[in-house]
Number of protein chains: 2
Amino acid sequence: MAPARTESDLSFLLDRTSHVLRTRMAAALAEIGLTARMHCVLVHALEQERTQVQLAELGDMDKTTMVVTVDALEQAGLAERRPSSADRRARVIVVTEKGAEVAKRSQRIVDGVHREALGALPDDEREVLLRALNRLVTGHLSIPVAAPPTARRARERAK
Amino acid sequence: MAPARTESDLSFLLDRTSHVLRTRMAAALAEIGLTARMHCVLVHALEQERTQVQLAELGDMDKTTMVVTVDALEQAGLAERRPSSADRRARVIVVTEKGAEVAKRSQRIVDGVHREALGALPDDEREVLLRALNRLVTGHLSIPVAAPPTARRARERAK
DNA sequence: TATTGTTATACTCTATAACTATA
DNA sequence: TATAGTTATAGAGTATAACAATA
């Protein structure tokens, strides 16, 4: 949370807007007991039958982060792990009836937060903003630069 | 690093662009041994005589984060702590000659990274993008929602 | 009493490594 | 051999609490 804020630069603008929007989103979703990740998984799992790795890929999370997210969804009774019929290693995430209800509400919440933010802009600016951001995301800013990989000691051998 | 990526939504766009830009900035500044925070402090300390809290405020960091940032700058010989003449509790951050040189280079790097990113956009889109982001930053998205304060155990008493 | 800078450390987050079962 | 899911935990980042010096 500490941008290089020289003046009105792009880094500051993007960091700030994304951070503030994220806090709003988190607070709004927290009211129904969800995190952004839980919402993300619910929505994608509803679209079609998907395994944890597939959902992790879509949400851009690590498979280990996926485990705790699915744990949370299961504990809340919103989703369940089911063995995949195609691959006995894999597990498919099935959204429960309650989960589907919640997903509907959370999607409305997400849309609302976005609408509220974009509502502060004149129509033409809003359109261009989204177009420009999309252009950056698909173009020059599509690939993150790899961070220097921090070495890691091997774990203690289990006996 | 796991946005709620339903489709082409604002959260995803802002998270993604700011994250990728941040990785590029970090990589570019790392080539001259700086972090974004170090650059930020250098620039602000050069503008005028400032204490650590003042610099922390400007860079939106905690004062304890400021300590390690100034430590790094001192170790690199780019800045020095000096007792403030006005307040004997406070320390003023003085940029060394070498630090001033580095700040010039890092500012060019920062500007270059921004120029490169914005260069991918048509002129009119670029202008509107910046205007719209500025409008959000100063308007609807100016204040982050406070995160639920996580309680913290008291520290072990020093003897 | 409040504030500056500091140290120590608790907490969160995320990813790596190793493991099991299966392909 | 490689992959899906899991567990345990390392490591980075950051913020909180307490403290000393000073206001």
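Letters A, B, ... mirror the listed sequences (proteins, then strands); counts begin at 1. Any value given below was found using the heavy atoms of this structure, including those in side chains, with hydrogens, waters and symmetry copies removed. Keep in mind that what you see is a predicted model, and the values were worked out from it rather than measured.
Protein atom CZ of A:R81 is 8 Å distant from nucleotide atom P of D:dT7, rounded to whole Å. Separating the CD atom of A:E57 from the P atom of D:dG5 is a distance of 13 Å, rounded to the nearest angstrom. Taking atom CG on A:D62 and atom C1' on D:dA4, their separation rounds to 13 Å, with Å as the unit. Put simply, CG on B:L73 is 15 Å from P on C:dG5, counting in whole angstrom units. We find that CZ of A:R91 is positioned 15 Å from C1' of D:dT3, with the value rounded to whole Å. Here the C1' atom of nucleotide C:dT4 and the CZ atom of B:R82 are 19 Å apart, to the nearest Å. Residue A:M66 contributes atom CE, which lies 15 Å from atom C1' of C:dT14 at whole-angstrom precision. Rounded to a whole Å, the CE atom of A:M38 is 13 Å from the P atom of C:dC13.
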Can you tabulate the close N/O pairs, meaning under 3.5 Å, that link protein atoms to atoms of nucleotides 20-23 of chain D?
{"unit_1": "D:dA23", "atom_1": "OP1", "unit_2": "B:R88", "atom_2": "N", "d": "2.9"}

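Remark: A:R91 pairs with no residue by the salt bridge (Lys or Arg N to Asp or Glu O under 4.0 Å) rule, at least two apart or across chains. Applying the salt bridge (Lys or Arg N to Asp or Glu O under 4.0 Å) test to B:D124 and every residue at least two apart in sequence or in another chain returns nothing. Applying the salt bridge (Lys or Arg N to Asp or Glu O under 4.0 Å) rule to A:E80 yields the partners A:R82; only residues at least two apart in sequence or on another chain are considered. With sequence neighbours excluded, the residues that form a salt bridge (Lys or Arg N to Asp or Glu O under 4.0 Å) with A:R50 are A:E47.
When distances run from any side-chain atom of B:K63 to the nucleotides C:dT4, D:dT6, C:dT7, the shortest one goes to C:dT4. Listed nucleotides C:dT16, C:dG5, D:dG5 differ in distance to B:A90; the shortest reach to its side chain belongs to C:dG5. Considering only side-chain atoms of A:T64, the nucleotide from C:dT16, D:dG5, D:dT16 that sits closest is C:dT16. In the set C:dT14, D:dT16, C:dG5, C:dT14 carries the atom at the smallest distance from any side-chain atom of A:T65.
Taking CG from A:L129 and CG from B:L10, the interatomic distance works out to 6.5 Å, rounded to the nearest 0.5 Å. Interatomic distance, CG of B:D9 versus CD of A:Q107, reported as 8.0 Å (0.5 Å rounding).
A salt bridge links A:R81 with A:D71: at least one charged nitrogen is closer than 4.0 Å to a carboxylate oxygen. Using a 4.0 Å cut-off between a side-chain N of Lys or Arg and a carboxylate O of Asp or Glu, A:D123 and A:R126 qualify as a salt bridge.
Across all their heavy atoms, B:I93 and B:A79 have their closest contact at CG2-CB, 3.9 Å. In plain terms, the two heavy atoms of A:A132 and B:L121 that are nearest each other are O-CD2, 3.7 Å.
B:V53 comes within contact range of the sugar-phosphate backbone alone, with a heavy-atom separation under 4.0 Å but no base atom that close. If you check every strand for non-hydrogen atoms under 4.0 Å, B:S84 touches nothing.
OP1 or OP2 of D:dT6 has at least one side-chain nitrogen or oxygen of A:Q52 nearer than 4.0 Å.
Taking five base pairs at each end of the helix from C:dT1-D:dA23 to C:dA23-D:dT1, the local helix axes there meet at an angle of 10°, rounded to 10°.
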